[in-house]
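Contents: one structure, followed by commentary.
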Protein chains: 2
Amino acid sequence: MDFSAGDIVKTIVIADDHQIVREGTKKIVASIDNTSLSGEAENGLEAIAAVKNHRPDLLILDVAMPLASGVEVFGETRRWSPETKVVLFTGFTSVGLLSNWINTGIEGMLLKSCGPEQIRECLVTVLNGGNYIAAEIVDMLKNSEDMSELTQREREVMSLIVAGNSNAEIGEKLFISIKTVEKHRGSLMGKLGVRSVADLMVVAHKEGWLDEHKQL
Amino acid sequence: MDFSAGDIVKTIVIADDHQIVREGTKKIVASIDNTSLSGEAENGLEAIAAVKNHRPDLLILDVAMPLASGVEVFGETRRWSPETKVVLFTGFTSVGLLSNWINTGIEGMLLKSCGPEQIRECLVTVLNGGNYIAAEIVDMLKNSEDMSELTQREREVMSLIVAGNSNAEIGEKLFISIKTVEKHRGSLMGKLGVRSVADLMVVAHKEGWLDEHKQL
DNA sequence: ACGTCTATGGGGGTAGAACCCCATCATGAA
DNA sequence: TTCATGATGGGGTTCTACCCCCATAGACGT
């Protein structure tokens, strides 16, 4: 537990709209030496305000909150308090969402299903200047490399297949011929290694395309 | 806040393998007058032991824990402490799982995404002798009535479709002819009001057939 | 006994999906 | 300039799903 510069107390802000999670997280933070909870927020706007007011060393950020999304809070944090490290804390396990966050340069990423030891390890690592992506998240992203092989057009066709459209309907919607739809369709399913629409839907599910509800 | 018999303190056990949830839930329980936390458990076996030892008035039970599932804990609770009320507390939102629990006679059901006020209301209601199913869960179950129309055979065929099998493959696996597969297939898709495998997969997703990971 | 439902299965036909071949054009990188 | 890739699209064929008709047998309730 060795934050640089000796006994300086590191400040932490917790942003999550669920009190259950905030309370549980506070307990874990309290177990880390030389840290202090300087604020908490239950929605996106409060989170932005807390970051502006406290300029914390660390922000624990829920992905989706009312009034401003995790992405927005993250952007404002970078603008108003660029020294603040950010740890994403998400109940979502969709690969698409997680891989988007990887590219933001965020310092840490955790699933809410991670155990307290792991959460503590992540927080300490990030406060010590390192990065920490939960192993579970790393594994999930590895399984998503095939998706990144798809061209933009193939993704569009896939999303319309997933939405239940026939090839003819897809052609109408994209203003292309059925032959072209068949082409893209065959190509994307080959890249993803699937032979049926059912299998394709499982891939879409893993990418979070079927999710419409939030998990804690 | 009027538990019968005046100032008797009601005892509560919390069983959840995630410390975050246990800590957050403890805070809510602490906010309810005349209740006392008599134990907590982080896996199924501990939960069973806690119920046996404490005979609590209320058990807050996570659906899936290591070493013994929620179903098993529930059964043991009914056996060793039949006076104990049980509130299910789940991060899963799959309709199939929730509808199964409805039939157990459980006293309360909550999603972990429910707000603290709602959680408190549920706990108080159950401690007062009533039942409480979160409105979100009630809504979800209403949308699942079509599924209950399916015959056993239709479900079997559906599960094999969902798994990506062709009609021929399904026939082989169930030792029936393709004609029969087609018959069941057309029938189940008609009952569910879907015209494509993609649409069918969305139904399967809502039933929890695609889920293989636990949400907090 | 009769009616309903479920499970089973056949014949026949058609539309759509899947897949093979071929091709052109535009863009970007080497 | 050449090459590779992506987007587009045609011809042709086979296979599968879907849908219509028909039917039998068994179980269950009235």
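Below, read A as the first sequence line, B as the second, and so on, with proteins coming before strands; counting in each chain starts at 1.
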Do any N or O atoms from the side chain of Asn43(A) and from the backbone of Leu45(A) form a donor-acceptor pair under 3.5 angstrom? yes
Return the minimal non-hydrogen interatomic distance between Leu61(B) and Gly70(B), and the atom names on each side. CD2-O, 3.5 Å
Atom-pair distance (CD on Glu154(A); P on dT5(D)), nearest Å: 13 Å
Side chain of Ser166(A): nearest nucleotide among dA17(D), dT8(D), dA17(C)? dA17(C)
Are the side chains of Pro82(B) and Arg55(B) in contact, using a 4.5 Å heavy-atom criterion? yes
Closer than 3.5 angstrom, by distance alone: can the side chain of Arg155(B) be matched with the main-chain N or O of Leu188(B) as a donor-acceptor pair? no
Atom CZ of Arg153(A) and atom P of dT5(D) are separated, to the nearest Å, by 20 Å
Verify the contact: side-chain N or O of Thr151(B) to OP1 or OP2 of dC5(C), cut-off strictly under 4.0 Å; return yes or no. no
Determine the sole option in Glu107(A), Glu72(A), Glu83(A) for which the salt bridge (Lys or Arg N to Asp or Glu O under 4.0 Å) test with Arg78(A) is passed. Glu107(A)
Tell me which of Glu149(B) and Ser177(B) sits closer to the 5' end of DNA chain C, going by the nucleotide each one is nearest to. Glu149(B)
To the nearest angstrom, the CZ-C1' distance between Phe175(A) and dG9(D) comes to 17 Å
What's the shortest heavy-atom distance between Pro56(A) and Thr11(A), and which atoms? CA-OG1, 3.1 Å
May I ask you to decide whether Arg185(B) forms a salt bridge with Glu182(B), counting only side-chain N to carboxylate O separations under 4.0 Å? no
Which of residues 179-189 of chain A sit near DNA chain D, with a heavy atom under 4.0 Å from it? Lys179(A), Thr180(A), Lys183(A), His184(A)
Measure CD/Gln152(B) against C1'/dA7(C) and give the value in whole Å, please. 12 Å
Closest to the Asn167(A) side chain, choosing from dA7(D), dT6(C), dA17(C): dA17(C)
Nearest-angstrom distance from the residue atom CG of Leu150(A) to C1' of dG6(D): 13 Å
Can you measure Ile178(A) atom CD1 to dG12(D) atom C1' for me and round it to whole angstrom units? 15 Å
From CG of Leu200(B) across to C1' of dA17(D) the rounded distance in Å is 14 Å
Expressed as a whole number of angstroms, how long is the span from Arg195(B):CZ to dC18(D):P? 10 Å
